[in-house]
Protein chains: 2
Amino acid sequence: MKLTSKGRYAVMALVDLARFDNINPVSLRDISLRQGISLDYLEQIFSKLKKDQIVKSIRGTQGGYVLSKKPNEIKLTNIFHAVDEKVKTVQCKKESKKGCNGKATKCVTHNLWDELETHINTFFEKKSLEDLLKNNTEQRT
Amino acid sequence: MKLTSKGRYAVMALVDLARFDNINPVSLRDISLRQGISLDYLEQIFSKLKKDQIVKSIRGTQGGYVLSKKPNEIKLTNIFHAVDEKVKTVQCKKESKKGCNGKATKCVTHNLWDELETHINTFFEKKSLEDLLKNNTEQRT
DNA sequence: ACTATACTTGACCAATTTAGTCAGGTATGT
DNA sequence: ACATACCTGACTAAATTGGTCAAGTATAGT
Ligand code: FES
Ligand code: FES
């Protein structure tokens, strides 16, 4: 049960972006240097974030990325969804009536994992990028 | 962010065990058949559960496994700990003061992941095997 | 027009982890 | 003795992860 780098980096990068995009677009190169994430990898991540309209890109010299919404409108759910960091606790297909063992009924633990999934998702739905920014400036005092 | 089979199977198997161990020890073979889990794999799992004293083994003909505590005393945390299904959301070593990027300070998302970890663990600490049993008999009505 | 910057796309790969299998044991009730 | 069932460790195929590499395209500034 762990997070992948993709999800982790996506959030990191967006926090960085949120802090600096007021003045100018932020280049991936800058984020790469500040956060210590491979540039090539960041490109993959941002292409996904762009597809889900979490960021906008500005090409050319002095170009870069900008948030397309306000920090309080970007929830962790949105970010994770964009980069395919999905929470999958059940083994079976939820829609199907079959269980994970191939039997006709759901297995004895199915409900448990489903509850867990909800529990985790609740967390992600509550947290916004803004929360993280606050948290971070607080630390700096 | 997903669960491994080890954790999943461990819980499955223990629910099965809890339901049937009142009368006789339950053999892994039976669990294997009822839950559709490979016998060899179950053996690996139970050796770990035994090491953490969640189950007791009884050898010989008509032998098998029995819970060593009452279902309400066995929390999911205990099970997961036994089979090394650990929740790891932060990247860095928690004790260290260094961040995940190797820098001197914790990264901007560290606190977030730490909160998440707590959030998930709370769930596991609350749920006991007994809760699962109830849940399952309710479904059968 | 040229050039540097920075986004864009897709293929590729090495390392790790997972989810098991296989092949032998050893203990014990009947 | 012998069948049952626990016990142990080595091994492996497949999937996933966490990237790298290569070859673009668009745009701002000179
Ligand atoms: S997890 Fe859904 S049936 Fe087992
Ligand atoms: S996760 Fe702990 S420092 Fe980044």
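It should be emphasised that the depicted structure is a prediction, and the values quoted were computed from it without experimental measurement. Letters A, B, ... mirror the listed sequences (proteins, then strands); counts begin at 1.
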Over how many whole Å does the gap from [X] atom [atom1] to [N] atom [atom2] extend?
{"X": "B:Q62", "N": "D:dC2", "atom1": "CD", "atom2": "C1'", "result": "14 Å"}
{"X": "B:K6", "N": "C:dG20", "atom1": "NZ", "atom2": "P", "result": "10 Å"}
{"X": "B:L17", "N": "D:dC6", "atom1": "CG", "atom2": "P", "result": "10 Å"}
{"X": "B:L39", "N": "C:dG24", "atom1": "CG", "atom2": "P", "result": "17 Å"}
{"X": "B:L3", "N": "C:dT17", "atom1": "CG", "atom2": "C1'", "result": "15 Å"}
{"X": "A:R29", "N": "C:dT5", "atom1": "CZ", "atom2": "P", "result": "8 Å"}
{"X": "A:K2", "N": "D:dG18", "atom1": "NZ", "atom2": "C1'", "result": "12 Å"}
{"X": "B:K88", "N": "C:dT17", "atom1": "NZ", "atom2": "P", "result": "11 Å"}

Query raised in the report: Where the side chain of A:R29 meets the backbone of A:G64, is there a donor-acceptor pair that is under 3.5 Å apart?
Result: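 Not at all, since once roles are kept as given, no pair shorter than 3.5 Å links the two residues.
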Report task. Using modelled atom types only, decide if a donor and an acceptor are shared between the side chain of A:E85 and the backbone of A:T4 within a distance under 3.5 Å. Result ->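 Looks like yes, one N/O pair under 3.5 Å.
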If you check every side-chain atom of [X], which of [options] has the closest atom?
{"X": "B:T4", "options": "D:dG18, C:dT18, D:dT25", "value": "C:dT18"}
{"X": "B:K50", "options": "D:dC7, C:dT8, D:dG18", "value": "D:dC7"}
{"X": "A:Q44", "options": "C:dG20, D:dT8, D:dT20", "value": "D:dT20"}
{"X": "B:D40", "options": "C:dA19, C:dA23, D:dG19", "value": "C:dA23"}
{"X": "B:Y9", "options": "C:dA6, C:dG20, D:dG18", "value": "C:dG20"}
{"X": "A:S57", "options": "D:dA5, C:dC7, C:dA19", "value": "C:dC7"}

Query raised in the report: Is a donor-acceptor pair below 3.5 Å formed from side chain A:E43 to base C:dC7, judging by atom type as modelled?
Result: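 By the distance-only test, no, there is no pair.
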Report task. Record whether the side chain of A:R59 comes under 3.5 Å of the base of C:dT5 through a donor-acceptor pair of N or O atoms. Result ->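 Per atom types, no contact qualifies.
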Query raised in the report: Within a reach of under 6.0 Å around NZ of B:K103, are more than 12 heavy atoms found that belong to other residues, nucleotides or ligands?
Result: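 For B:K103, atom NZ is crowded (more than 12 foreign heavy atoms under 6.0 Å).
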Query raised in the report: Quick check: are there more than 12 heavy atoms from other residues, nucleotides or ligands sitting under 6.0 Å from NZ of B:K126?
Result: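 For B:K126, atom NZ is not crowded (no more than 12 foreign heavy atoms under 6.0 Å).
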If you look at every strand shown and take non-hydrogen atoms under 4.0 Å, does [X] touch a base, only sugar-phosphate, or nothing?
{"X": "B:S47", "value": "nothing"}
{"X": "B:Y65", "value": "sugar-phosphate"}
{"X": "A:V26", "value": "sugar-phosphate"}

Report task. Show the numbers, then the answer: is there a side chain to side chain contact (heavy atoms under 4.5 Å, CB included) between B:R34 and B:V26? Result -> CA-CA 11 Å; B:R34 274 196 295 259; B:V26 180; 3.5 Å; yes
Query raised in the report: Does B:S5 put a side-chain nitrogen or oxygen below 4.0 Å from OP1 or OP2 of C:dG20?
Result: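 B:S5 to C:dG20 OP1/OP2: side-chain N or O found under 4.0 Å.
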**Report entry** Below 4.0 Å: OP1/OP2 of D:dT20 and any side-chain N or O of A:S38
**Finding:**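 The answer is yes; a side-chain N or O of A:S38 sits under 4.0 Å from OP1 or OP2.
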Query raised in the report: Does A:T61 or B:F46 map to a spot on DNA chain D nearer the 5' end, using the closest nucleotide for each?
Result: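 Comparing both residues, the 5'-ward one is B:F46.
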Query raised in the report: With nearest nucleotides of DNA chain C determined for A:M1 and A:G63 from heavy-atom distances, which residue corresponds to the more 5′ nucleotide?
Result: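 Residue closer to the 5' terminus by nearest nucleotide: A:G63.
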Query raised in the report: With B:E117, which of B:K88, B:K94, B:K86 fulfils side chain to side chain donor-acceptor pair (under 3.5 Å)?
Result: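 That would be B:K94.
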